[in-house]
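To start, the structure under review is shown below, and the notes come after it.
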There are 2 protein chains.
Amino acid sequence: MSIKLAVLSILGRKPSSGYDIKKTMQRSPYMPWSGNNNQIYKALVELSDDGLVSGETLHREGSPSKKVYTLTAEGRNELNDLASRPPEPPEFKKPFLLQLASADALSDGELLALVDAYENEVRLQLAYHEGLMRRMESRGDEHEGEEEEAEEETPGDRRALLLKLVYENLVSSIESELEWTERLRSALKKPERREHE
Amino acid sequence: MSIKLAVLSILGRKPSSGYDIKKTMQRSPYMPWSGNNNQIYKALVELSDDGLVSGETLHREGSPSKKVYTLTAEGRNELNDLASRPPEPPEFKKPFLLQLASADALSDGELLALVDAYENEVRLQLAYHEGLMRRMESRGDEHEGEEEEAEEETPGDRRALLLKLVYENLVSSIESELEWTERLRSALKKPERREHE
DNA sequence: CGACTCATGTAATATGTTACATGATTAA
DNA sequence: TTAATCATGTAACATATTACATGAGTCG
């Protein structure tokens with residue numbers, strides 16, 4: 001799964017400039033890219049070379065020009081392929097686990113402090129994602145464009161349901177992490193009592 | 001958190017060659033690196049230049065020579081620093097979520113098939129991690145070395161407890177993902193009944 | 001005037017993967 | 001003898017991050 005597919009997916013929603021795409025990526029936590037210029041503008045050039053998107057420069061008065069990219073028919077096909085491609089498994093990247101596994105030289109107090117610090121980080125993440133989710137549920141998310149084209153094939157409700165489930169996934173992953181920190185803490189508090197359970 | 005810290009952490013356990021480190025990384029899913037040569041041998045050279053490790057070539061008869069690296073005192077300090085460094089939040093990289101979010105053009109049947117395929121992938125992951133965990137609990141994990149040096153500072157039980165908790169984390173993350181697929185499936189099966197709950 | 005957002009791009013660097021090259025030993 | 005494992009390394013490429021460069025418009 002490369003960043004090009006993420007770009008196609010965004011353009012499948014509505015035609016956008018590089019800058020728009022960057023913004024969308026940055027507030028879509030289910031896209032595992034940071035949304036930096038270098039990749040996006042490069043991806044757009046390549047997609048354009050491959051004939052999957054076409055860009056048109058909009059000269060506007062009173063604000064800077066933008067290059068708006070649209071999916072071509074080919075690009076639309078590619079996007080439909082994407083949807084039915086065999087799914088990749090999730091990846092959990094948790095440097096904290098390495099830290100924990102290397103922490104046997106720490107005192108109990110230091111260890112518990114470390115766990116507290118981690119839990120704080122995770123709580124911050126949770127608050128952030130819950131915020132995004134609420135914002136998406138109240139406003140229509142990714143709907144803020146001015147060009148209100150009539151939606152063609154999809155009921156729209158389906159789309160909203162799927163998006164909601166995506167955010168639920170992220171939130172529940174984070175909650176599961178918090179539950180684990182609880183278990184971790186209690187395992188550390190009653191030390192060495194496991195042998196006859 | 002760079003790969004160098006992972007290398008330090010492994011060498012903190014016991015002196016190892018590049019090849020040993022590679023193997024250890026590959027079977028330690030809490031280390032978010034694939035364990036490829038290029039990075040490891042490069043990291044070892046750099047750590048050596050920085051004076052954190054020192055390598056000694058062992059010429060053995062009947063098997064290829066190996067370069068065994070050991071932590072220096074400086075390296076040991078660096079490793080202790082690592083343990084008390086402010087923890088980074090977890091990152092969840094789930095390309096499937098992007099796929100889902102772009103899948104509103106699919107029929108219900110296709111969508112459910114996609115979910116099934118994803119669930120299969122996740123189950124495979126679960127089985128793999130549970131296998132690792134069982135293997136670690138029966139044998140002592142990372143204990144298979146021939147050189148049985150008396151452990152110096154740590155009780156060892158602490159270490160085993162921490163490792164067990166680390167594996168529990170991974171397993172419960174995957175289980176949480178499976179629970180979500182269940183919710184996903186049932187949300188897709190009773191479509192559009194959410195409005196008055 | 002200064003900071004911020006909009007907007008497009010490039011340069012330098014860091015990180016990661018796959019494949020290649022070499023050579024010894026072990027097990028089928 | 002052929003494949004697998006042990007063992008060290010390099011080359012080419014793919015991906016990602018940070019910072020830089022430029023310029024217009026908006027808000028305080």
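Atom set for the values below is all heavy atoms of this structure, side chains included, hydrogens, waters and symmetry mates excluded. Just so it is clear: chains get the letters A, B, ... in the order the sequence lines come, proteins before strands, and each one is counted from 1.
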Problem set entry | Whether A:Trp33 side chain and A:Ser2 backbone form a donor-acceptor pair below 3.5 Å | no
Exercise. Hey, does the side chain of A:Glu110 reach the backbone of A:Ser107 with a donor-acceptor pair shorter than 3.5 angstrom?
Worked result: yes
Exercise. Can you tell me how far NZ of A:Lys23 sits from CD1 of A:Ile40, rounded to the nearest 0.5 angstrom?
Worked result: 10.5 Å
For this session: Give, for atom CG of B:Leu52 and atom CG of B:Leu11, the distance between the pair rounded to the nearest 0.5 Å.
Result: 10.5 Å
Using atom [atom1] of [X] as one end and atom [atom2] of [N] as the other, report the distance to the nearest whole Å.
X	N	atom1	atom2	answer
B:Ile3	C:dT17	CD1	C1'	12 Å
A:Lys23	C:dC4	NZ	C1'	10 Å
A:Gln26	C:dT5	CD	P	11 Å
A:Lys22	C:dA7	NZ	C1'	9 Å
B:Lys93	C:dG16	NZ	P	10 Å

Exercise. Has A:Arg60 got a side-chain N or O lying under 4.0 Å from the OP1 or OP2 atom of C:dA7?
Worked result: yes
For this session: Nearest-nucleotide wise, let me know which of B:Val68 and A:Ser2 is further upstream toward the 5' end of DNA chain D.
Result: B:Val68
Problem set entry | Same apolar cluster: B:Tyr128 and B:Ile174, side chain cutoff 4.5 Å | yes
Exercise. In residues 37-47 of chain B, what residues come within less than 4.0 Å of DNA chain C, judged by heavy atoms?
Worked result: B:Asn38, B:Gln39
Seminar exercise, completed: Across all chains, not counting sequence neighbours, the ring-ring contact (aromatic ring centres under 6.0 Å, His included) partners of B:Tyr69 are none
For this session: Determine, for B:Lys42 against B:Glu46, whether the closest basic-nitrogen to carboxylate-oxygen distance falls under 4.0 angstrom.
Result: yes
Problem set entry | salt_bridge(B:Arg158, A:Asp108) N-O dist < 4.0 Å | yes
Exercise. Is there any side-chain hydrogen bond (donor to acceptor under 3.5 Å, both in side chains) pair reaching into residues 80-94 of chain B, and which pairs are they, with sequence neighbours excluded?
Worked result: A:Asn169-B:Lys94, A:Ser173-B:Lys94, B:Lys94-B:Glu177
Seminar exercise, completed: Residue pairs meeting side-chain hydrogen bond (donor to acceptor under 3.5 Å, both in side chains), one or both in residues 48-59 of chain A, sequence neighbours left out, come to A:His59-A:Ser65
Problem set entry | For A:Met31 against A:Ala6, the heavy-atom pair lying closest together | SD-CB, 4.3 Å
For this session: Take A:Ser65 and A:Asn36, find for each the nucleotide of DNA chain C with the closest heavy atom, and name the residue whose nucleotide sits nearer the 5' end.
Result: A:Ser65
Exercise. Quick one: bend of the helix from C:dC1-D:dG28 to C:dA28-D:dT1 from 5 pairs per end, to 10°?
Worked result: 30°
Exercise. Between which nucleotides of DNA chain D, read 5' to 3', does contact with chain A run, using atoms under 4.0 Å from its heavy atoms?
Worked result: D:dA16 to D:dG25
